[in-house]
**Q** 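Structure in structure tokens, see below.
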Amino acid sequence: MTIDAHPIFAALKACPIVPVLTLYDENHAASLAAALWDAGITTAEITLRTPQALPSIGAMKAAAPELCVGAGTILSVDDLNAALEAGSDFIVTPAVSSKLLPALKAVSVPVFPGVATPSEALELYDHGFECVKFFPAESNGGVPALKSMASPLPKIKFMPTGGINGDSAPHYLALPNVIAVGGSWMVDQQAVNAQNWASVKATALRARESLQP
Ligand code: 3PG
């Protein structure tokens with residue numbers, strides 16, 4: 001997938017923070033999507049870690065049609081097929097296996113495959129992936145690691161995820177090789193559980209606005 005060839009890249013330019021969401025109740029999905037969109041969040045990654053994930057993807061897209069809703073924690077070809085069938089706008093993986101790679105290459109929506117090292121990033125770039133997920137970002141060296149990769153790997157863009165928070169996000173986003181950051185800090189899980197959508201929206205809005213210079 002060439003960077004900029006899909007609407008998600010415009011969405012990430014408009015708001016470069018990607019909420020990584022694990023949903024426990026699909027009845028929360030529509031209100032959560034609306035709250036995020038109202039807060040100016042343009043994308044969301046739903047992790048395939050609960051049975052509610054797949055139905056939630058469709059419910060979120062129906063409630064906020066302009067929100068780009070992707071699937072994360074894709075570990076197998078079966079996960080991938082289920083996520084695509086659910087209507088995922090993009091695919092995120094924490095890592096890539098030799099079984100998963102050919103299936104990911106055949107997908108027509110954007111894929112952000114997970115890498116932890118420069119070698120993995122170059123290997124995936126050679127397979128056509130210009131933008132990869134750097135995971136787990138903080139424990140793999142965080143901002144200094146990505147900064148060190150910018151010159152030797154100038155064509156590869158990263159979406160770091162894992163351990164990032166509102167304080168560190170701007171430092172990642174200031175790097176030339178980072179197109180967006182992912183994480184869970186901008187969504188208040190307790191407010192989601194309590195279905196306090198005004199509070200969910202306020203937390204997401206604060207996270208987005210804190211990125212403004
Ligand atoms: C995940 O896979 O759970 C994501 O990387 C989110 O990580 P975070 O909760 O540390 O932001």
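Note that ligands are numbered from 1 as they come in the structure, with each ligand's atoms numbered from 1 the same way. Just so it is clear, the model here is predicted, and its values are computed rather than measured.
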**Q** For a 4.5 angstrom cut-off between non-hydrogen side-chain atoms, does F158 reach V115?
**A**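 Yes, at least one pair of side-chain atoms sits under 4.5 Å.
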
**Q** For M60 and I46, work out which heavy atoms get closest and say how close.
**A**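 The pair with the smallest heavy-atom distance is SD-CD1, 3.3 Å.
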
**Q** With the side chain counted from C-beta on, respond yes when I41 and V187 share a heavy-atom pair under 4.5 Å apart, and no when they do not.
**A**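 Heavy-atom side-chain distance check fails, nothing below 4.5 Å.
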
**Q** Quiz question: by atom type and distance under 3.5 Å, do the side chains of N81 and E85 form a donor-acceptor pair?
**A** no

**Q** In the structure I gave you, are the side-chain heavy atoms of V109 and D89 within less than 4.5 Å of one another anywhere?
**A**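 Side-chain contact under 4.5 Å: no.
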
**Q** Of all residues at least two apart in sequence or in a different chain, which pass the salt bridge (Lys or Arg N to Asp or Glu O under 4.0 Å) check with K201?
**A**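 With neighbours one apart ignored, the set is empty.
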
**Q** How would you list, by chain and number, the residues with a heavy atom under 4.0 angstrom from ligand 1?
**A** V20, R49, F135, T161, G162, G163, G183, S184

